[in-house]
Amino acid sequence: MDKYKSIINDSIENIEKGLIELSQKIHANPELCFEEYKAVGWLMELAETHGFNIENPVGGLETAFKASYKSKKAGPTVAFLAEYDALRGKGHACGHNIIASCAAGAALGLSKVVDEIGGEVILLGTPAEEGGGGKIILIEEGVFNDIDFALMIHPGSQNLIGRGGLAAMQLDIEFAGKAAHSSDPASGINALTALLEVFKGIDTLRNTFEDGTRANGIITAGGEASNIIPDFAAGEFTLRAKTRQDLKEMADQIIKLTGAAEIIIGAKPNVKKSMVYAERYPNLTMGEQFKENMSLWGEDFNYPSPDMKLGSSDIGNVSMELPTIHSYLKIVKPGVSAHTEEFAEASISKRAEEVIIKTSKGLAMTGYDIITDEKLQTEIISEFKENVKGG
Ligand SMILES: [Zn+2]
């Protein structure tokens with residue numbers, strides 16, 4: 001191992017206990033999106049102790065923060081992204097406590113050599129991945145503008161590099177009608193019937209949506225009593241597609257359906273679009289470098305099989321802005337999915353602790369490789385440009 005990598009290795013081993021405790025504390029104190037005050041407090045405190053400069057709030061978000069350690073020598077800016085939000089009613093069933101500790105460990109480890117090799121290390125606290133789109137807000141607020149490379153990991157059921165993600169968004173559709181006694185439906189306007197037209201329309205159009213699209217809806221309001229014609233109905237739809245463009249086309253078609261329902265039934269539609277989680281372009285050059293570093297600790301990585309089901313995350317939006325990796329570390333056996341009780345338990349297991357230490361080192365060493373190897377930087381950047389062109 002080269003001299004600097006062994007400094008990184010030793011410095012992460014020195015803080016092993018603190019990193020594991022951090023993960024345990026976050027796991028034991030689940031906080032929902034935009035309310036992650038405790039987790040952010042602990043992360044900032046740890047970074048400050050190691051000489052990082054702290055900014056908080058960041059991008060107008062109280063539970064976002066930027067901890068930076070800058071060398072006097074020029075060089076690229078490498079950011080490790082921490083997530084720390086939990087799921088309503090399920091605690092840390094997505095293992096974001098592991099993500100937070102890995103990002104902190106990587107940033108602290110790399111900071112120990114940055115004075116000599118140059119560049120800047122950032123530990124970026126990104127709140128509200130589970131639905132709030134924290135990273136999308138941070139992008140819009142310019143927080144990623146001075147970052148050159150972004151690295152993070154996510155726990156999962158396999159060690160994977162190069163796994164993509166689908167574009168996703170939510171549509172909230174409401175209809176306002178007119179109440180009437182159910183013995184006289186003609187004098188009312190049935191808002192629920194209008195909403196059901198949208199559901200039927202989606203099923204009718206499903207074959208015309210692009211390959212890989214998904215549209216799933218639920219009814220969140222559909223009337224108060226069956227002897228009254230509902231004057232209000234509301235539905236929530238989650239849409240997914242391979243690209244933002246496919247997603248936009250599907251959303252436009254569904255919005256047209258609300259107009260059709262208005263013509264047929266007479267109820268007035270009101271549509272709210274959520275922010276769009278972009279598809280993901282994992283940087284394979286960076287992923288390969290991470291894989292190579294992780295092999296030092298006996299961790300093997302694969303690429304996902306082509307038919308693997310993909311989720312959606314705001315890391316997709318980051319991957320459209322700058323070279324990004326979001327690699328997966330196995331903490332559960334294949335078949336166990338995130339957002340389950342079993343996953344929450346695994347997020348605090350011995351294996352989770354092992355992942356935190358190995359991955360902190362692997363990420364930090366990948367950051368080191370990027371800062372010190374200009375040829376690698378060029379390859380990463382040209383792959384990035386190739387991926388997002390026209391995107
Ligand atoms: Zn997650």
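Quick note: numbers below take in every heavy atom, side chains included, and nothing from hydrogens, waters or symmetry partners. Start at 1 and go down the list; that is how both ligands and their atoms are numbered.
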Donor-acceptor pairs are to be reported for all side-chain atoms of residues 169-176 against protein atoms at under 3.5 Å, with residues two or more places apart or in another chain.
| unit_1 | atom_1 | unit_2 | atom_2 | d |
| --- | --- | --- | --- | --- |
| Q170 | NE2 | D172 | OD1 | 3.4 |
| E174 | OE1 | N270 | ND2 | 3.4 |

Legend entry - Check: F52 ring centroid to F65 ring centroid under 6.0 Å: no
Inset, instruction - Salt-bridge test for D115 and K73: reply yes if a basic N is under 4.0 Å from a carboxylate O, no otherwise. - result: no
Legend entry - Partner residues of F301 under the ring pair (Phe, Tyr, Trp, His ring centres under 6.0 Å) criterion, sequence neighbours left out: F290
Inset, instruction - With sequence neighbours left out, write down each residue that passes ring pair (Phe, Tyr, Trp, His ring centres under 6.0 Å) with Y277, or none if nothing qualifies. - result: none
Legend entry - Y328 six-ring centre to R163 NZ/CZ under 6.0 Å and within 45° of normal: yes
Legend entry - the Zn ion (ligand 1): protein N, O or S atoms [distance under 2.8 Å]: C94 SG, H96 NE2, H154 NE2
